[in-house]
Every structure is written in C-alpha cells, then in structure tokens.
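Since we're looking at a predicted model, the values are computed, not measured.
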Amino acid sequence: MSDASKGKIDPFAPWVLRGLEMRNRFIKAATYEGHCPGGRPDREGLAAFHEAFARGGAGLCTMSYGSVEPGGRTFDNQMCLQDDILDDLRYVTGKIHAHGAKAAIQLAHCGGMSKWRGWVGRRARGPSGGFNSLGAFVGTPLTRAFKAHELGRLADDYKSAAVRAVQAGFDALELHMGHGYLLSQFLCPAINKRKDEYGGSRENRARFPLEVLRAVREGVGGTVPILVKLNLRDGFRGGVEIEDSVAFARQLEANHADALVLSGGFTSRNAMYLFRGPTFVEELIKAQRRKIDKLVYSMARPSLRSLPFEELYFLKHARKVRAEVGLPLICVGGVQSLASVHRALEDVYDAVQLGRALIHDPALVNHYRDGAKTESGCTVCNLCVAEMDRDGVKCVLNDDLPARVRVA
C-alpha cells in the first residue's frame, strides 16, 4: 500500500516493501552498464559499478537488463540469466550488501527488436510479425510472431530467471514492461496486431504481461518484492496512452505487483521521450567500432531527436495513476535536485529512482543526507548513454576523478 496519502515522507527514512526493509527511498535506476563482455558479467567491473552506488547511500541498487533467455538480448554484451553466471552475480550482490544496500535486477526480453549478432539468420520474435528496423543491418531484419504455445514457455523462462536471480542474492525484481521491450510491445496497440486472445482489446494486450507477473510470483513466492516498470505513454501516435496505462496499473495491482516504476518512451520509435534533453546520437555513432553499427545508429536518428527537459517530467501523468491505484509508485525521470525528491514524495510517489544523477555522482544520496549538496550536478547532457559502447557507462564530466570513483 502506498504511503503517499499518509502525509510528508522522509526520503532518508527506512522503507519496507513486501517485508524487505531498505534504508531509504532512493533507488539506483536500471541503466545499461556495459560490463558484460560477450554476455558474461565482468565481475570486478560490474561489482565496482554497483558498489559505488551502495557505498554512496542508495537504498536499492538495480542491475539492468537480465535477459530471460538467449534470444531476448538486444546487444552482444548483455547478460542472459543462466546458471553459468550465478557465481559472478553473487559476487556483485555481495559487494552491494556489504555497504548496507539491497540489490534488485531487471528481468527483460527485447521481443521483436533484437540487435544481438548471435541471433543472425534467425527472426527476432515479438507479439506480431514485421520489420525489425533496429536489427535490419545486423542480420535480423524481420520479426515473427510468438505462437501461443511458445508464450507459455517464455513465461516459464521469466519464472526460471527470477528464481536464479534470488539464488544469486537479489532481494527484489523489476519486471520491464516499458520502453518498447517485449512486454511493452504486447501492451502497445501499434505493435501488437495479434488476432488471438493476446491481441486487440486492452484486456487481451495485457494478458501475456500479467501471465508473466503471475509466473514470476509463483517462482519466487510471497517474500520477494516485484516492481514493474511501466510506460505512462509510449510517446508516439498509436502507442500506449495514459488511459491505457491507468487500466494496466489497476490490473497489475490486482495481480499482486508490489510497486510501479512509472516511465515512458519507446526505444525503436521515440527513445528521447524517456531521456529528455539533447540527443546523444552523434556521440553514440562515434563510439561504434564497426561501420555496420555506425550505420544502424545513423538510421536511428529519427527516434533520437532532442526533446525539452524539465524536472519530474512524468509527474502530471503519474497523478492520474495515483488517483486509480493504491500501489506504491516510484518516480523516475528528471529527479535532478533534492527539492524535486521532496516534491515527488509530497505529491504522488513513494520512492525515487535516480539514473543520470547517480551516474554523475554515485555518493549523491549521502551528500543530500549530510547537507553537502542540494543539486545533483548532472547537466543532463545525456552523453553518458553514448559511453555504453566504449568502456562502460560513465559521466563524461568526471574524467578528472579517480578511476575507482568513475565506475559509474
């Protein structure tokens, strides 16, 4: 149940979600780290990346994009949650726990937009068949629709991945139902053109995401919090709109999700609706080592146009969700100051996720708590995103800092 209606919330006080006590209401958002070469975690690099946020005061550190099966990867250097990496992940969660933080991992599948070169010669799979614009130049130009019987196996893949995550020491899970990945594709009327029970009406489009949620809950039992990252709007014509999201949120609450991370944007159509601010596409192109990858991102320019930035840019839509559900709501997007943290918690939210602000300063939560800072220092240049294809995501403003601090 949300605390947002109970009056003023102290962001530095402990927060309990399904029995899991976190030391505060600050969450490191799942952001692609760039520390899984060949799909296997670089345990030292990945541990240092997340250890910095745990040491810096975050209550919950979220590892990004754990693919639930090999075909669900978007990049070569992206992990798949299989048994052979669990020891590496235990090492990372141990480092997070050593600093008093809890650990979460994002469970995801890319659906019909795979760019993973290990999938060359096969079709990416999504709700419906069609053209895979993101994979067109790396050998996966077409998407085929999952058959109904395959969806049952895929829900089991989510369940198995969730069980492995708990075995690896993760305290909470984040189901990725946003940003144009598979579960978001099912929810999106512009992408999901199925004629069976998994397409058409809002209820049908939500059917498979809810089956996944129930499968994961069955796998991990009643003690592990499950957060769901959900788009408020997809940000393009024909995509999910706020009325859809409110309806989906009610269904997620009825199916025992523990909190909703309210986001937006669609990777293949309007990625900057998520980030806001200046585009990073030219730097991303420069960062590519292969000409074919440069071409792929050059073709992606239309989906990466700059958009105006403002703090708490999803707030007005989140209010509509708050009016309809009692679940805890988590703010992500434009939380660049302590004032915005307080405003978010005083309005509709129960916790805040920080991405770029913590990448710039991993110790920001401690600085806020101790009164050393009230602003993050992040300029929202978005160039940290382009760094993912160099040596791992980092803030380009921090090149003068020691390497141990620059792990973020």
Verify ring-ring contact (aromatic ring centres under 6.0 Å, His included) between Y65 and Y181, making sure each step is shown before the conclusion.
CA-CA 10 Å; Y65 208 98; Y181 295 100; 5.4 Å; yes
Of S184, S263, S268, the residue whose pairing with H179 passes side-chain hydrogen bond (donor to acceptor under 3.5 Å, both in side chains):
S263
Not counting sequence neighbours, which residues clear salt bridge (Lys or Arg N to Asp or Glu O under 4.0 Å) with R40? List them please.
D84, D88
What's the separation between atom CG in L17 and atom CD1 in I330, rounded to the nearest 0.5 Å?
7.0 Å
Between L183 and Y158, does a side-chain contact (heavy atoms from CB on, under 4.5 Å) hold up when you go through it step by step?
CA-CA 11 Å; L183 301 183; Y158 272 92; 3.6 Å; yes
When you measure from the side chain of N24 to the backbone of G59, do you find a donor-acceptor pair of N or O atoms at a distance under 3.5 Å?
yes
Whether K229 side chain and V261 backbone form a donor-acceptor pair below 3.5 Å
no
What pairs with D196 under salt bridge (Lys or Arg N to Asp or Glu O under 4.0 Å), at least two apart in sequence or on another chain?
R194
Does F26 form a ring-ring contact (aromatic ring centres under 6.0 Å, His included) with F12? I'd like the steps, not just the answer.
CA-CA 8 Å; F26 290 92; F12 302 103; 5.3 Å; yes
Hey, does the side chain of Q185 reach the backbone of C110 with a donor-acceptor pair shorter than 3.5 angstrom?
yes
Exercise: identify the closest heavy-atom pair between A161 and V68
CB-CG1, 3.8 Å
Using atom types as modelled and distance alone, determine if a side-chain donor or acceptor of E150 lies under 3.5 Å from a backbone N or O of F146.
no
Whether R322 side chain and V325 backbone form a donor-acceptor pair below 3.5 Å
yes
Kindly compute the distance separating SG (C36) from CZ (R73), expressed to the nearest 0.5 Å.
9.0 Å
To the nearest 0.5 Å, tell me how far L227 CG sits from E174 CD.
6.0 Å
Can you name the side-chain hydrogen bond (donor to acceptor under 3.5 Å, both in side chains) partners of R276, sequence neighbours left out?
none
Partner set under salt bridge (Lys or Arg N to Asp or Glu O under 4.0 Å) for R233, not counting sequence neighbours:
E241
Which residue in the set R55, H99, E33, K28 passes side-chain hydrogen bond (donor to acceptor under 3.5 Å, both in side chains) when paired with H50?
E33
Could you pull out all residues at least two apart from S201 that satisfy side-chain contact (heavy atoms from CB on, under 4.5 Å)?
E203, N204
S128 side chain to N192 main-chain N or O, any donor-acceptor pair under 3.5 Å?
no
Apply side-chain hydrogen bond (donor to acceptor under 3.5 Å, both in side chains) to H342 and list each qualifying residue two or more places apart in sequence or on a separate chain.
none
Side-chain donor/acceptor of D42 to backbone N/O of P37, under 3.5 Å:
no
Spacing of CZ belonging to R250 relative to OG belonging to S245, to within rounding of 0.5 Å
11.0 Å
So, E253 side chain and G326 main chain: donor-acceptor pair closer than 3.5 Å or not?
yes
Looking only at the side chains, is there a donor atom on one of S2 and D350 sitting less than 3.5 Å from an acceptor on the other?
yes
Check this for me: does any side-chain nitrogen of one of R153 and D156 sit under 4.0 Å from a carboxylate oxygen of the other?
no
Salt bridge (charged side-chain N to carboxylate O under 4.0 Å, His left out) between E346 and R343, worked out
CA-CA 5 Å; E346 289 167 5; R343 182 184 170 202; over 6 Å; no
Here the gap from E375 atom CD to Y368 atom OH, rounded to the nearest 0.5 Å, amounts to 6.5 Å
Would you say T143's side chain and G112's backbone share a donor-acceptor pair under 3.5 angstrom?
yes
Once rounded to the nearest 0.5 Å, what's the spacing between atom CG of N231 and atom CG of L187?
8.5 Å
Could you verify whether a donor N or O on one side chain and an acceptor N or O on the other, from S64 and Q106, lie under 3.5 Å apart?
no
ring-ring contact (aromatic ring centres under 6.0 Å, His included) pairs touching residues 188-221, sequence neighbours excluded, are F186-F208
Listed once per pair and sorted, the ring-ring contact (aromatic ring centres under 6.0 Å, His included) pairs that draw on residues 220-245, sequence neighbours left out
F236-F266
R164: what forms a side-chain hydrogen bond (donor to acceptor under 3.5 Å, both in side chains) with it, not counting sequence neighbours?
D83
Evaluation steps, side-chain contact (heavy atoms from CB on, under 4.5 Å), between R356 and F275
CA-CA 9 Å; R356 289 166 289 187; F275 293 104; 4.1 Å; yes
Backbone N/O of R144 and side chain of R123: donor-acceptor pair under 3.5 Å
no
Ring-face cation of R43 near Y91 (centre distance under 6.0 Å, axis angle within 45°):
yes
Heavy-atom closest contact (A168 atom, T93 atom, distance):
O-OG1, 2.8 Å
Between A58 and C61, the two heavy atoms sitting closest are CB-SG, 4.2 Å
Any pair counted as salt bridge (Lys or Arg N to Asp or Glu O under 4.0 Å), so long as it reaches residues 299-308, sequence neighbours left out:
E282-R301
In this structure, are over 12 heavy atoms from other groups packed under 6.0 Å from K320 atom NZ?
no
Across all chains, not counting sequence neighbours, the side-chain hydrogen bond (donor to acceptor under 3.5 Å, both in side chains) partners of D258 are R18, R217
Pick from P11, S340, C331: which one makes a side chain to side chain contact (heavy atoms under 4.5 Å, CB included) with V352?
C331
Sorted by chain and number, sequence neighbours left out, salt bridge (Lys or Arg N to Asp or Glu O under 4.0 Å) with E311 holds for none
